[in-house]
Amino acid sequence: MDYTLLKLFLGVVFTLLLYSVLYRENKAYRFAEHVFLGLAAGYTLVVVWRDILYVQWWQKMMGTVADGAAPAMPGYWVYAILLPIGLMGYTIFSKKNNWMSRIPIGIILGLWSGQQIQVWWNTYGPQILNSMRPVIPTTWESITRPITYTRGEGGIKVNLAPERVAEIQSNLYFTQALSNFIFVLTVVAAFSYFLFSFDLRGKFLNKFNTFGRWMLMIGFGAIFGSTVMARFALVIDRMSFIWQEFFGRLLTR
Amino acid sequence: MNWSKLQNVDRRVLYVILLVATSLGLFLPSRIPNDPEPAAKDLYALLMQLPEDKPVIIQSDWTNSTRGETMGHLEALCRILMSRRIKFVIYATADAQAGQVALNVIRQINEERKKAGLVTYREGVDYIYLGVFPNAEGAGQNMRNDIRKAWGTRQTKVDGQAGRVPVFDTAVLRNMRSVSDASLMVVITASATIDVAVQRLSDKVTMACMSTGVVAPSLLPFYQAGQLKGFAGGLRGAYDMEYMMAHGINYSPTPGQEPKVTAEKFGEIPPVPEGKSFERAARYFGTLHIALTLLILAVVMGNVGMFVAKKKAKGGNN
Amino acid sequence: MIELLAQAPPPPSFWNRPPYSPELYVMVIGTIILGLALFFGLTYAPTRLKRPIVMTFTFLSGLFYVLLWLVPTPLKPKEPGELPLNPVDAAGIWFSDALPRVADVAQILSAFLLGLGIFSLLTIHIRKINRKQTDWGFSIVLLVSMVLMLGFGYADWIMKEFRDPLGLLQDSSNWTFVNQMSDLLFDGILQQMDAAMFSLIAFYILSAAYRAFRVRSVESTVLMASALILMLSLMGGVAYAWGQGIDALVIGTGNEFLNNLKITEVANWLRTNMQAPAIRAIEFGVGLGALAMGIRIWLGLERGGVSA
């Protein structure tokens, strides 16, 4: 058996072991589950040094010797202080000193929270601006946006003159304005449902809130549909792995 | 039909149906006609119009757990860039396994190109792998601030040369002074790392995204507000890319023929000049139709069953 | 400030020493000893000081990014020897120089803390084996898999990083047994199981959709309709065939308005004008929450957070 085939074979076996849980909880599944956990933990420990600490910490602290075209880099000894601070995290297992484990976590959280103001504006600034949409039509020559082509022989599309196309594209027609209005209404209603989570007085506000909840459901519907696609894609990929990659290779060997 | 019996069917029957349907689906014809999503058209047009002399930044944040979708994305992206000889730099944030998985894809596409007699991409010459940056926030902030400092300590092997070279001494990154010197940054992700990237970099560099179906809905606001210039979401997005790689946009191989893909806002965008187009996503897309139909049927039958049962209960009361 | 130019080696200073030199070792070990002294000193901290100590660390860490945001960034990087224009410019340069170091801190500390999870996983399973609790055999399986991955993973790394100056191991045909084992465990087993684990959810979604996705209220009806239209539009083939039918109808009747009935058009309109703004509102709400939470953590106001 060649190496690639063995690799595919093991992949198929462990996939099937995991799938056996669909029938019911069983020992084979539990075995595979523990192999999975063990490998994942082992791999994390490899990566923590290989891709993170070695590159980001060790090489900066100890420097690098000249190698090929790369000149020697001096080491910055201050990086060493991070080791004791990191070790403080492990006091979490001590009854008396577990408060110290909050120091490294506090530093990480502090660094995260300090970024939030800038992050907030960069994320939502453009979106707030984009939500301000024109809701009054600029022209009444037509209710809907005219098409930018005519039909030639046999239904083939022939584009209108570029000036006319530009004119159509620069105008806001009634149906477009209406769409924009619905857009703005949806944003405001759904957001208000978040904002006014307390008891509301007044019929209008209550109705508006209910409307907001419906709009949220439209959003959740889209999220659901898209998530379903994602999960099915994974099953399809598993089946392709078993039937096409593994059996394909087995049969053409 | 006995609806109440159907209401109580064992879940394992449903599982078997799904397994059989997704298996059989793989053997159906796979070139399904399609009208790509507007966001995917934007992404394809953007990629095909990139200048050849500037590098593309790829942030690859997925592992094999979402292979069904994101592997198709990275494959399509690599095929497009390689066919246009655009250099790229690739790295991963957050997930430690992501870097290795991305490298595997590059290796496999290189092998595929070698077989087809096409130019292969060489490490340190045509592309650079920077490794993993465990903290996505910090990495993004550093890149925004000063890319030379953010990546300055990283070194790369150069194909055919002994030893390692600082990444900015290579042909890929030599002319890069700031992140804005990249022609495009594409984030391929299965998690919220796209939010982190948009927050820190979308006002500095043209940004696009390829994501799983789970992440895709959250990209819509970014796309509408212009923070993302285009995106491909999920398996559908991957198939959209492959479809346009084969057919282009507003492009007809013979004059007078209607183009397969049209879009008002672009001129003619050709298909990829060389290499494969239909691949992984095309293999899966037909099966996705079957699976989604199955789900819709399940919902419909569940509801019809409920109504029938309700009607019966009412009738019983009378 | 610690200077570290990207390419040319930086000039010697108080902060750096030649790589792997004896002086560097002395400085590094000295720093670690100093840090450990701080560590043990803190164990004697009186109870009333514990909270302020943690809060100070948190506040100072957050303050850096807040100041970075407030102080104007220099317009262009300075050439060597070029002096700052004024104190504000100098501060801007200082902050932009310091940023990569500070960002390093978060990355390195997160990496050190990653070990915590592994450590507690290990203690649980070793205890299970020692006490021969139910299913302790599985704990052995877990430990063996972990040790195998660890051993072959590091051996593979050492071979590729230090023993392979020509990069021959990039090509899988040159692999030795060690490289193959590392690849087998990671790419052959771990990655495939990762995919299989996540794909299990699809089965549960199908079963749940059949049993529980019912039209019972306005909300569930709206949700279902929205999901249905989206799923139909995801089926490119269905949408395309429908579109062809509409095209034929348009040409037959000459009424271009019918084009709006294509699934792609309907789904697009719905996505652009209702789904996207709804998602935007959801994210906007979440974003406001994160902002408030960030400010509360930074200022030590969050109960149950770092300050509790």
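Just so you know, these numbers use all the heavy atoms, side chains as well, and skip hydrogens, waters and symmetry mates. Just so we're on the same page: letters track the sequence lines, and every chain starts at 1.
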Contact part of [X] toward chain C, heavy-atom cut-off under 4.5 Å: side chain, backbone, both or neither?
X	value
A/Ser94	neither
A/Thr4	neither
A/Leu111	both
A/Leu87	both
A/Met100	side chain
A/Ala230	neither
A/Trp214	both

Flag the pair [X] / [Y] as yes when their ring centroid distance falls below 6.0 Å, and as no otherwise.
X	Y	value
C/Phe138	A/Phe31	no
C/Phe119	A/Phe93	yes
C/Tyr154	A/Trp49	no

- Item | Distance, nearest 0.5 Å, that separates CG of C/Leu60 from CD1 of A/Ile107 |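 Going from CG on C/Leu60 over to CD1 on A/Ile107, the span is 9.5 Å.
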- Between C/Ile32, C/Asp156, C/Leu206, which has the largest tally of heavy atom pairs under 4.5 Å with chain A?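 Counting heavy-atom pairs under 4.5 Å, the top option is C/Ile32.
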- Tell me, side chain or backbone of C/Leu121 under 4.5 Å from chain A's heavy atoms, or both, or neither?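 Just its side chain gets close to chain A.
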- Message: Assess, by modelled atom type and distance only, whether the side chains of A/Ser113 and C/Tyr65 contain a donor and an acceptor separated by less than 3.5 Å.
- Response: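 Absent: no donor and acceptor within the cut-off.
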- Message: Does anything in residues 140-151 of chain C form a salt bridge (Lys or Arg N to Asp or Glu O under 4.0 Å)? List the pairs, not counting sequence neighbours.
- Response: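 Found none.
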Would you tabulate the side-chain donor-acceptor contacts of residues 182-191 of chain A under 3.5 Å, counting partners in other chains and residues two or more places apart, or write 'none'?
{"unit_1": "A/Thr186", "atom_1": "OG1", "unit_2": "A/Ile182", "atom_2": "O", "d": "2.6"}

